[in-house]
Visitor: 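Following this message is one structure expressed as structure tokens.
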Amino acid sequence: RGVDNIVSGGLGGGYQFNDWLRADVTVDRSVFRMNRSLATVWCPYAASGLFAKDASGTDVPVGILADPSDTCTPQAKGTLNRTSFLVNGYLDLGHYWGFTPYIGAGLGVSYNQASSSLVYYRTSDGAPWGPDLTMPQERNVPQWITVYGATWPIQLPFGPTNWNRYTEKKSWAFAWNLMAGFSYDIQDNLKIDIGYRYLNAGTHTSLPGYGVLRVPVTGNITAQEVRVGLRVTSY
């Protein structure tokens, strides 16, 4: 879901035991890429302190002044590279007018490489957002934002701010697949193979996120594929 483009391919070699049973070893690689512009959000380019005089005439910090027209457009990018190594077995279900239907299953491992980035671009000039919101007497500044007289209950990290981020993680995982399809004899030693495969490439846990909820997300890497290939038979 939300994938912009996918490139996938594989190679394999095997052995035909008899008219019904065969096996192979395969390696395939898939690359998934995503690039999305997210909803525009408010992100102050700069901030200044609001001070009031106390009874002794000393300036006392009372809040932060920021411009509500300062906005950014977040750009999210992600890539998942999956390389799977599988040992598969197939049951051929007869041979009919050049067609051979089959079912199959396999076990193996998958090497998963995931990376993602999130960059906030300023609406005004398209530059990456990274303001310095350091305030005088920072420890005494209340944790609220005053925007032209209106108090917003928004928490901001006062100080040098950079919400742009990049994460990357690599992992090995147990993988398995189920297959069904058919082949058609083009020549005596050449077949075209068309089939469906469900692949479970294992569980992947992302790196902790940023912001208030630094919670890693765990999920299964799965794929439902319609595959077209060539099988060459040697005798």
Visitor: For Asn112 and Ser110, test the side chains for any donor-to-acceptor distance below 3.5 angstrom and give the result as yes or no.
Guide: yes
Visitor: Honestly curious: do Leu38 and Val41 fall in one hydrophobic cluster under the side-chain, below-4.5 Å linking rule?
Guide: yes
Visitor: How close do Met179 and Ala105 get, counting heavy atoms only, and between which atoms?
Guide: CE-N, 3.7 Å
Visitor: Is it true that, when you exclude Asn18 itself, more than 12 heavy atoms of the residues, nucleotides or ligands shown sit nearer than 6.0 Å to its CG?
Guide: yes
Visitor: Below 4.5 Å, heavy atoms only, C-beta onward: do Gln75 and Asn35 meet side chain to side chain?
Guide: yes
Visitor: Please determine whether side chain to side chain contact (heavy atoms under 4.5 Å, CB included) holds for the pair Phe182 and Leu93, giving the CA-CA distance in whole Å, both sets of side-chain angles, and the decisive distance to 0.1 Å.
Guide: CA-CA 9 Å; Phe182 66 88; Leu93 304 177; over 6 Å; no
Visitor: Under the rule for side chain to side chain contact (heavy atoms under 4.5 Å, CB included), what residues qualify as partners of Asp193, not counting sequence neighbours?
Guide: Tyr102, Ser183, Arg231
Visitor: In Å and rounded to the nearest 0.5 Å, what is the CZ to CG distance from Arg227 to Asp28?
Guide: 5.5 Å
Visitor: Distance from Leu178 atom CG to Asn200 atom CG, nearest 0.5 Å?
Guide: 9.5 Å
Visitor: For Ser56, check side chain to side chain donor-acceptor pair (under 3.5 Å) against everything at least two apart and list the hits.
Guide: Asp54, Thr58
Visitor: Could you report the tightest heavy-atom contact between Phe174 and Gly108, atom names first, then the distance?
Guide: CD1-O, 3.5 Å
Visitor: Please round to the nearest 0.5 Å and tell me the distance separating atom CG of Leu230 and atom NZ of Lys191.
Guide: 12.0 Å
Visitor: In Å and rounded to the nearest 0.5 Å, what is the CH2 to OG1 distance from Trp172 to Thr83?
Guide: 8.0 Å
Visitor: Test of understanding: with side chain to side chain donor-acceptor pair (under 3.5 Å), list the residues that count as partners of Thr222, not counting sequence neighbours.
Guide: none
Visitor: Determine whether a donor-acceptor pair (N or O, by modelled atom type, separation under 3.5 Å) exists between the side chain of Asp92 and the backbone of Gly94.
Guide: no
Visitor: What pair of heavy atoms forms the shortest contact from Pro74 to Ala39, and how long is it?
Guide: CD-O, 3.2 Å
Visitor: Do Val7 and Ile221 sit in one hydrophobic cluster, given that two such residues count as connected whenever their side-chain heavy atoms are within less than 4.5 Å of each other, even indirectly?
Guide: no
Visitor: Under the 4.5 Å side-chain heavy-atom rule for ILVMFWY, direct or indirect, which residues accompany Leu199?
Guide: Leu86
Visitor: Can you tell me how far the OH atom of Tyr90 sits from the CD1 atom of Ile103, to the nearest 0.5 Å?
Guide: 12.0 Å
Visitor: Is a donor on one side and an acceptor on the other found under 3.5 Å between the side chain of Thr123 and the backbone of Thr71?
Guide: yes
Visitor: Which heavy-atom pair separates Tyr121 from Gly126 by the least distance, and what is that distance?
Guide: CD2-O, 3.3 Å
Visitor: Could you tell me which residues satisfy side chain to side chain contact (heavy atoms under 4.5 Å, CB included) with Thr79, sequence neighbours excluded, listed by chain and number?
Guide: Val31, Arg33, Asn81, Ser115
Visitor: If hydrophobic clusters are built from ILVMFWY residues whose side chains come within less than 4.5 Å, do Val232 and Tyr184 share one?
Guide: yes
Visitor: Starting from Leu21 and following side-chain heavy-atom contacts under 4.5 Å between hydrophobic residues (I, L, V, M, F, W, Y), which residues can be reached?
Guide: Tyr15, Phe17
Visitor: Please report whether the ring centroid of Tyr198 lies less than 6.0 Å from that of Trp176.
Guide: yes
Visitor: Is there a chain of hydrophobic side chains (I, L, V, M, F, W, Y, each step under 4.5 Å between heavy atoms) that links Val228 to Phe99?
Guide: yes
Visitor: At their closest point, which heavy atom of Glu225 faces which heavy atom of Ser30, and how far apart are they?
Guide: OE2-OG, 4.4 Å
Visitor: To the nearest 0.5 angstrom, please state how far the SG atom of Cys43 sits from the CH2 atom of Trp129.
Guide: 5.0 Å
